[in-house]
Structure formats: C-alpha cells, structure tokens
Engineer: 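Following this message is one structure expressed as structure tokens.
Residue indices begin at 1 and follow the sequence shown.
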Amino acid sequence: MKTMMKKPATDTAKSDATDNPAAADLAAGHEAGRYWLQVNSGDKSNAVRAGEKLTMSSGQQFKFHFSPSESGYLYIVGPGNGNAPTTFLTDKPDQDFGVSSNQVKSGADFAFPADTSKSESWLNLDKNPGSDEFTLIFSGSPLSTPAFLSEHALHELTPAEQKQLADLVTQSRGNLLGTEVIKTGASPFVSVKVPQTAAEGAPIVFKIKLDHK
C-alpha cells in the first residue's frame with residue numbers, strides 16, 4: 001500500500017515575476033492551500049519535503065500534510081496494491097489512517113495518516129524502485145460525483161471510475177492556476193494557487209509525483 005501534509009515567512013523558488021510571465025500569474029493568484037510531505041526520518045532537519053515532484057527512497061515511510069486557506073474537504077487517490085488506482089481518503093475514511101473525517105479546517109494542519117493515541121501512522125512506498133503519482137482533490141463542499149469519493153476508502157477504481165476521475169481532472173483544470181514551491185529552511189511547502197476569478201468552493205485538483213529508488 002502506497003500513499004499519503006504554520007505559515008512562516010517565505011522565499012519563492014520561482015523566477016522573478018518580471019522576467020517570468022507564469023510567475024507573475026501565480027503571484028496574482030489566490031492561495032487555496034499549501035501542502036508538504038513528512039518522512040519518517042531520524043534526521044529532523046530533512047523530515048519535511050516539498051515539491052510537485054519528489055525523489056525518495058523505496059520503502060520510505062511518509063505522510064501528507066495539507067493546510068487550506070478556507071475550510072473544505074480533501075480527497076486522495078493513489079496507487080494501491082499492485083499499483084491499482086485506489087481511494088485513500090474519501091468522505092468515509094478507513095480507521096487505520098487515524099482520521100474520522102476528510103474535512104479540513106481553515107489554517108489548520110491536516111496530517112494524513114494522522115497519529116493515533118497508540119502509535120504513529122505512516123504510508124509506505126513500494127520497496128521496488130519506481131514512480132508513484134497521487135491525485136489530491138480539495139473542495140469547499142463534499143463531492144457526490146464521482147460516487148466513489150463518498151464511499152468507503154481503500155476502494156480500487158474500476159476502469160469506468162478511472163475515466164470518471166480523469167473527467168473530473170479535466171473539468172476542474174480551470175480552477176487551478178498552478179503551484180509554487182516555497183523554501184523556508186526546515187519548513188518548505190507548496191502553495192496551491194487559484195485564479196482570483198475562481199468560483200468559491202470549486203473543486204481544485206493537483207498531483208504529487210514521488211520517484212523512489
């Protein structure tokens with residue numbers, strides 16, 4: 001099983017906005033939220049990772065952190081057993097992940113998996129070298145379509161459901177302006193930006209790619 005995140009002063013990893021139109025567009029956007037990864041490492045200074053694409057070790061334990069600007073609901077789909085696309089976080093989370101809801105509060109750090117009173121919880125990358133991509137969906141209100149987002153987590157998507165997810169990604173493309181990696185020493189994060197004209201609460205879809213060897 002493989003899957004998955006405060007606000008210090010920031011230094012952007014993007015080019016200067018005056019020389020980079022894309023950076024200028026991002027600077028004009030509104031931050032819908034920010035995410036980062038935490039790895040299970042004895043080296044605390046290297047425990048937080050941030051980037052649209054990250055390189056990790058095969059078998060590495062990690063968890064996602066997400067902090068939204070406005071309250072809403074977070075969904076996560078990623079590679080499960082046999083790399084089959086699988087829901088990891090839905091409206092009905094699995095209790096083994098330590099969360100009772102996929103609702104995320106404005107300005108709060110939502111960790112997935114969450115630590116329980118008995119132990120720390122982590123996700124594990126496959127021990128075989130490869131590349132894994134996770135799809136995260138943030139919405140201002142619970143999503144009833146695709147239907148699997150409101151069903152119990154750890155559900156392997158059928159081909160038809162994979163098509164539904166792809167359609168949601170396409171339909172929501174205009175709601176995402178882009179992402180920006182912010183370097184803050186030991187606390188880097190990725191800022192998820194939306195256009196100023198984006199409809200309030202509209203679903204935002206972004207992806208995190210993990211290469212491991």
Engineer: Is a side-chain N or O of K193 found less than 3.5 angstrom from the main chain of L176, in a donor-acceptor match?
Structural biologist: no
Engineer: Under 4.5 Å between any side-chain heavy atoms of D132 and L125, yes or no?
Structural biologist: yes
Engineer: Taking R49 as the fixed residue, which of V190, T55, L54 is the one that meets the side-chain contact (heavy atoms from CB on, under 4.5 Å) rule?
Structural biologist: L54
Engineer: Between L168 and L149, does a side-chain contact (heavy atoms from CB on, under 4.5 Å) hold up when you go through it step by step?
Structural biologist: CA-CA 11 Å; L168 175 62; L149 294 178; 4.3 Å; yes
Engineer: Got Y73 and L143 here, is their nearest side-chain heavy-atom distance under 4.5 Å?
Structural biologist: no
Engineer: State, with a plain yes or no, whether a side-chain heavy atom of E151 is found less than 4.5 Å away from one of T90.
Structural biologist: no
Engineer: Does the pair F97 and I76 meet the rule for a side-chain contact (heavy atoms from CB on, under 4.5 Å), with working shown?
Structural biologist: CA-CA 12 Å; F97 289 138; I76 301 172; over 6 Å; no
Engineer: Which donor-acceptor pairs under 3.5 Å do the side chains of residues 133-141 make with protein atoms, sequence neighbours left out?
Structural biologist:
{"unit_1": "S139", "atom_1": "OG", "unit_2": "S141", "atom_2": "N", "d": "3.3"}
{"unit_1": "S139", "atom_1": "OG", "unit_2": "S141", "atom_2": "O", "d": "2.7"}

Engineer: Is any side-chain heavy atom of H212 less than 4.5 Å from a side-chain heavy atom of S57?
Structural biologist: no
Engineer: Considering only heavy atoms from C-beta outward, does the side chain of V192 approach that of Y35 to under 4.5 Å?
Structural biologist: yes
Engineer: How long is the span from the OG atom in S101 to the CZ atom in F110, to the nearest 0.5 Å?
Structural biologist: 7.0 Å
Engineer: Rounded to the nearest 0.5 Å, how far apart are NE2 of H155 and CG of D94?
Structural biologist: 14.0 Å
Engineer: Would you mind reporting whether L37 and L210 have side-chain heavy atoms less than 4.5 Å apart?
Structural biologist: yes
Engineer: Once rounded to the nearest 0.5 Å, what's the spacing between atom OG of S58 and atom NZ of K127?
Structural biologist: 10.5 Å
Engineer: Hey, which of K163, Q171, Q164 is the one that makes side chain to side chain donor-acceptor pair (under 3.5 Å) with D167?
Structural biologist: K163
Engineer: Kindly indicate whether the side chain of M56, heavy atoms from C-beta on, has any atom under 4.5 Å from the side chain of F62.
Structural biologist: yes
Engineer: So, do W122 and V39 sit near enough that their side-chain heavy atoms are less than 4.5 Å apart?
Structural biologist: no
